[in-house]
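Have a look at the structure below, then the notes.
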Amino acid sequence: MDLSLIIMQLLSGIALGAVLVITALGLTIVFGMLGVVNFAHGALFMIGAYAGLYLASLTGSFWWGLLLAPILIGAFGMLIEFVLIRRLYGRSIDDPLLLTFGLSYVLVEGVRIVFGSDGIPFPTPPQLIGVLDLGVGFFPRYRLFVIALVAVVLLVLWLTLEKTRVGLIVRAGARDPTIMQVLGVDIGRVWLAIFGLGVGLAALGGVLAGPMRSVNPEMGSLVLAEAFVVTVIGGLGSIVGAVVAGLMVGISISLVALFAPEMATIVMFALMAVVLLIRPQGLFGVRGRTA
C-alpha cells in the first residue's frame, strides 16, 4: 500500500482525534473537578454545532459562529449547573447522571422540533476550502486548521490551570472545597465556571465537527459514546489522559477504516477493553479514585 496514503490517513485520524480530545476534555474536566457524570454532554455538543451554524448564517461569517457559540452554550451550561446540577452535589453520583440523561433527551427533542430531523450542511469557511500540498500528499486545509486550533486551545487551557491564580483556585476547590470556603473563596462560582468551561468545550467540538459532517439532532449520540470511551481509556478525571486517549482513538479509527472499514466503529471499544484489562483505572487514572 502507498506510504503517502497511510500518512494522509494518519493525519485524518489526528484531525478526528482533535475533535474527540476537545469534546472529551469537557467531560473529563467536569467529572474530575466536580464528580459529575454529564450525560447531556453529547446533546450540548450537538447544540453547539447548531448554534455555530445559526450564528455563522446570521453574521455571514464562520469565525463569529466559532467564537460566539462556545461562549453562549457555555453560559447555557452555567445556567444548567446553577438551576439543576447544584442541588445534587453531595448526593449519589447516580443522581446527576440520571438528571443529565433525561436532560439530553429534552435537548435533542427540542432541537428536532425547531430544526427538524434532517441533516443540515455546515459550509466550510471560504479561507479553508481546498487542500494543501504537504509533500507526501494533499490534505484538506480545514482539517489542518482543526488540528492547529485544538493544539492552541489545549496550550491555553494548560497554562491557565497550571500557571495562573485562577487555575490554582479551580484545582484547589476541586480537591478540598471546604478549605477554600474557609479561606473566603466562593466555591459556588468555581463550580459554576468549571461546568460552564466543560460545556463550552463540548460546544467548540460541535462547531469544529460541523463542516466535517452534517449537523443533525442525533450527531451527539455517537460523540457521547466516543467521549466516554476516551475518558475511560485516558483515566477518569485525567486531562492528559483525555488528550492521549483522544488521539489514540482517532488514529485507530482512521487507520482501521483504511484496511477494514466495517471494523472502524468497533476498534475504539476493543481498545478500551484492552486498556481496562491492563490498567483498570485507565492510562493516566489514579487507582481507587471515584471523583
Side-chain angles (χ1 to χ4, degrees), residues 15-30 38-59 61-81 100 103-125 128 142-143 145-154 157 195-231 242-243 246 249-250 253:
L16 171 61
V19 174
L20 292 179
V21 165
I22 207 69
T23 306
L25 199 59
L27 193 67
T28 295
I29 287 174
V30 170
N38 181 13
F39 240 93
H41 200 71
L44 292 164
F45 170 95
M46 175 269 297
I47 288 179
Y50 272 98
L53 177 60
Y54 175 76
L55 290 168
S57 301
L58 187 66
T59 62
S61 171
F62 167 82
W63 307 107
W64 280 114
L66 180 65
L67 176 64
L68 295 178
I71 295 174
L72 294 177
I73 304 305
F76 177 58
M78 295 171 75
L79 179 64
I80 292 173
E81 192 277 343
T100 54
L103 178 63
S104 68
Y105 276 93
V106 173
L107 295 176
V108 170
E109 290 303 318
V111 168
R112 186 179 285 115
I113 291 170
V114 175
F115 295 100
S117 300
D118 296 333
I120 304 175
F122 196 138
T124 303
L128 299 175
Y142 181 76
R143 297 197 176 207
F145 164 75
V146 169
I147 295 171
L149 179 62
V150 169
V152 171
V153 171
L154 291 177
L157 186 62
F195 198 87
L197 174 62
V199 171
L201 289 173
L204 176 60
V207 179
L208 291 176
M212 295 193 290
R213 62 183 74 176
S214 66
V215 177
N216 63 83
E218 304 300 329
M219 67 184 295
S221 300
L222 178 59
V223 168
L224 178 64
E226 292 171 339
F228 269 110
V229 168
V230 168
T231 302
V243 175
V249 169
I253 291 174

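None of these values were measured; they are calculated from a predicted model.
- Minimum interatomic distance between Pro217 and Ser117 (heavy atoms only, all atoms of both residues): CD-O, 3.8 Å.
- Every residue meeting the ring-ring contact (aromatic ring centres under 6.0 Å, His included) condition with Phe62, not counting sequence neighbours, appears here in chain and number order: Phe122.
- Among residues two or more places apart in sequence or in another chain, the side chain to side chain contact (heavy atoms under 4.5 Å, CB included) test is passed with Leu25 by Ile29, Leu154, Leu157, Leu201, Ile239, Ala242.
- With sequence neighbours excluded, the residues satisfying side chain to side chain contact (heavy atoms under 4.5 Å, CB included) with Thr59 are Ser61, Trp64.
- Taking the side chain to side chain contact (heavy atoms under 4.5 Å, CB included) definition, one finds that Thr231 meets it with Ala24, Leu27, Thr28, Leu236, sequence neighbours left out.
- Rounding to the nearest 0.5 Å places CG of Leu16 at 5.5 Å from CD1 of Ile253.
- Val19 approaches Gly205 most closely through the heavy-atom pair CG1-O, 3.9 Å.
- Within the model, atoms CG of Leu68 and CD1 of Ile73 stand 10.5 Å from one another, a figure rounded to the nearest 0.5 Å.
- Applying the side chain to side chain donor-acceptor pair (under 3.5 Å) rule to pairs touching residues 41-52 yields nothing, sequence neighbours excluded.
- Side chain of Tyr142 to backbone of Leu208: a donor-acceptor contact under 3.5 angstrom is found.
- Sorted by first and then second residue, the pairs that involve residues 200-229 and meet ring-ring contact (aromatic ring centres under 6.0 Å, His included), not counting sequence neighbours, are Phe39-Phe228.
- Between the CD1 atom of Ile47 and the CZ atom of Phe115 there is a distance of 9.5 Å, given to the nearest 0.5 Å.
- Across all non-hydrogen atoms, the minimal contact from Met78 to Gly196 is CG-CA, 3.5 Å.
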